[in-house]
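Below: one structure, written as structure tokens.
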Amino acid sequence: MTVLEVNDVRKAFRGLHAVDGVSFTVERGAILGVIGPNGAGKTTLFDLIGGTLRPDAGRVVLDGRDVTGSPAHRVARAGLARTFQLMRPFASMTVRENVCVAALTRDRAGADERADAVIARVGLEPWRDTRAGELPTAGRKRLELARALATRPHVLLLDEVLSGLVPAEREPLLELLTGLRDAEGLTLVLIEHIMAAVMRLSDRVLVLDQGRVLATGTPEEVTRDPRVIEVYLGEERFDDG
């Protein structure tokens, strides 16, 4: 069953087509990787899906509901959450307080219990009473994920959740993301530059270039596509470095 449908979405800034007729669907419980060179329109696409930006044209349908142009808080209530590449937690608040605030945006009933469960799920229990501003990068990444999960999404958009982490920090997070899909049925759409992670996690991959869809397919199909190799992959060896 299709849980997210993006149909011919477009967005231009002063004549520059940042997203130019992008279409794709994501099935419930699937993981879609989104890759492409810097400036390809990946984060702008997330902004359009999540309600941070309003598309100039096209439609976004979430769980059968047209959310095109809806503000972010309404899209979140419809069941979509996202993380941001630039993390902005409430630095002076504790981990638990940050997650509780996120839980309250969905509903007040059981917010505290939901926050505690999410903190345990992402492995932040030892830091639950630590101020967010004191967390290392890996901890802040997990906090960003926890805040998104606290809204009880059906679809989760992840914007470079692995960036800034060393390989030893990536592995537990990759296992967590796999578990969210396999054990809990969460649908994931992730922007990622670490191709080893994309290959490991994704059921399908969408490649953007200059705001347009360059290719789509399984990870194996995409990485063999001569156009993708020329525009983005080059001599990429898919290691963890």
Side-chain angles (χ1 to χ4, degrees), residues 29 31 43 46-47 49-52 62 71-194 196-198 200-201 240:
I31 299 179
T43 295
F46 270 23
D47 289 342
I49 295 170
T52 304
L62 177 65
H73 69 276
R74 291 185 180 174
V75 178
R77 286 185 177 275
L80 184 142
R82 69 173 291 188
T83 67
F84 292 84
Q85 185 179 355
L86 298 177
M87 299 166 289
R88 295 188 180 92
F90 298 109
S92 63
M93 295 170 61
T94 67
V95 165
R96 188 174 189 271
E97 289 168 341
N98 268 271
V99 181
C100 280
V101 168
L104 286 168
T105 64
R106 185 64 185 266
D107 58 67
R108 294 182 178 276
D112 289 345
E113 293 80 4
R114 189 160 67 254
D116 288 336
V118 169
I119 288 169
R121 183 70 180 88
V122 304
L124 280 176
E125 273 190 319
W127 296 275
R128 68 194 299 273
D129 297 317
T130 302
R131 291 184 179 182
E134 299 172 3
L135 292 173
T137 298
R140 282 185 278 122
K141 291 284 187 178
R142 287 176 179 264
L143 176 56
E144 183 81 355
L145 180 59
R147 294 201 302 172
L149 292 174
T151 67
R152 297 190 300 186
H154 305 141
V155 178
L156 180 58
L157 310 183
L158 302 169
D159 195 346
E160 296 196 41
V161 71
L162 299 175
S163 68
L165 303 182
V166 300
E169 294 170 330
R170 294 177 200 151
E171 180 60 29
L173 195 52
L174 286 169
E175 292 179 359
L176 173 60
L177 295 177
T178 301
L180 289 173
R181 189 273 294 275
D182 293 346
E184 301 173 31
L186 191 60
T187 303
L188 305 178
V189 183
L190 58 99
I191 294 171
E192 190 52 67
H193 285 291
I194 300 170
V198 174
R200 173 173 167 180
L201 288 174
D240 290 327

Margin query: Per the salt bridge (charged side-chain N to carboxylate O under 4.0 Å, His left out) rule, what does the pair list look like for residues 84-93, sequence neighbours excluded?
Written below: none
Next item on the list: Provide the closest heavy-atom pair for V189 versus F46 in the form atom of the first, atom of the second, distance.
Entry: O-CZ, 3.4 Å
Margin query: Using only atom types and a distance under 3.5 Å, with no angle test, would you say the side chain of T187 pairs donor to acceptor with the backbone of G29?
Written below: yes
Next item on the list: Taking salt bridge (charged side-chain N to carboxylate O under 4.0 Å, His left out) as the test, write out the residues that go with E184, two or more places apart.
Entry: R121
Next item on the list: Give the minimum heavy-atom separation between A146 and V118, together with the two atoms involved.
Entry: O-CG1, 3.3 Å
Would you tabulate the side-chain donor-acceptor contacts of residues 123-137 under 3.5 Å, counting partners in other chains and residues two or more places apart, or write 'none'?
residue: R128; atom: NH2; partner: D116; partner atom: OD1; Å: 3.1
residue: T137; atom: OG1; partner: R140; partner atom: NH2; Å: 3.3

Checklist line | side-chain contact (heavy atoms from CB on, under 4.5 Å) between M93 and V101, worked out | finding: CA-CA 10 Å; M93 295 170 61; V101 168; 3.6 Å; yes
Notebook entry, point to check: Are any of the side-chain heavy atoms of L177 and L158 separated by less than 4.5 Å?
Noted result: yes
Next item on the list: Would you give the length of the straight line joining atom CG of L149 to atom CD of E144, rounded to the nearest 0.5 angstrom?
Entry: 10.5 Å
Next item on the list: Enter the distance from L176:CG to R142:CZ here, rounded to the nearest 0.5 Å.
Entry: 6.0 Å
Checklist line | Sole residue of H193, Q85, K141 in side-chain hydrogen bond (donor to acceptor under 3.5 Å, both in side chains) with S163 | finding: K141
Show me, pair by pair, the donor-acceptor contacts under 3.5 angstrom made by side chains of residues 75-84, not counting sequence neighbours?
residue: R77; atom: NH1; partner: R106; partner atom: O; Å: 3.1
residue: R77; atom: NH2; partner: T105; partner atom: O; Å: 3.3
residue: R82; atom: NH1; partner: D47; partner atom: OD1; Å: 2.5
residue: T83; atom: OG1; partner: D159; partner atom: N; Å: 3.2

Notebook entry, point to check: Closest approach of L143 and P89, non-hydrogen atoms and distance?
Noted result: CD2-CB, 3.9 Å
Check: So, for A115 and C100, which heavy atoms are closest and what is the spacing to 0.1 Å?
Finding: CB-SG, 3.6 Å
Item checked: Those residues that, when tested against R200, pass side-chain hydrogen bond (donor to acceptor under 3.5 Å, both in side chains) (two or more places apart) -> E171
Check: Which residues pass the side-chain hydrogen bond (donor to acceptor under 3.5 Å, both in side chains) test with T178, sequence neighbours left out?
Finding: none
Next item on the list: Report the distance from atom CG of N98 to atom CZ of R147, rounding to the nearest 0.5 Å.
Entry: 5.0 Å
Notebook entry, point to check: Heavy-atom distance under 4.5 Å between the side chains of L190 and L162, does that happen here?
Noted result: no
Checklist line | For the student: nearest non-hydrogen atoms of L165 and E169, plus distance | finding: CA-OE1, 3.4 Å
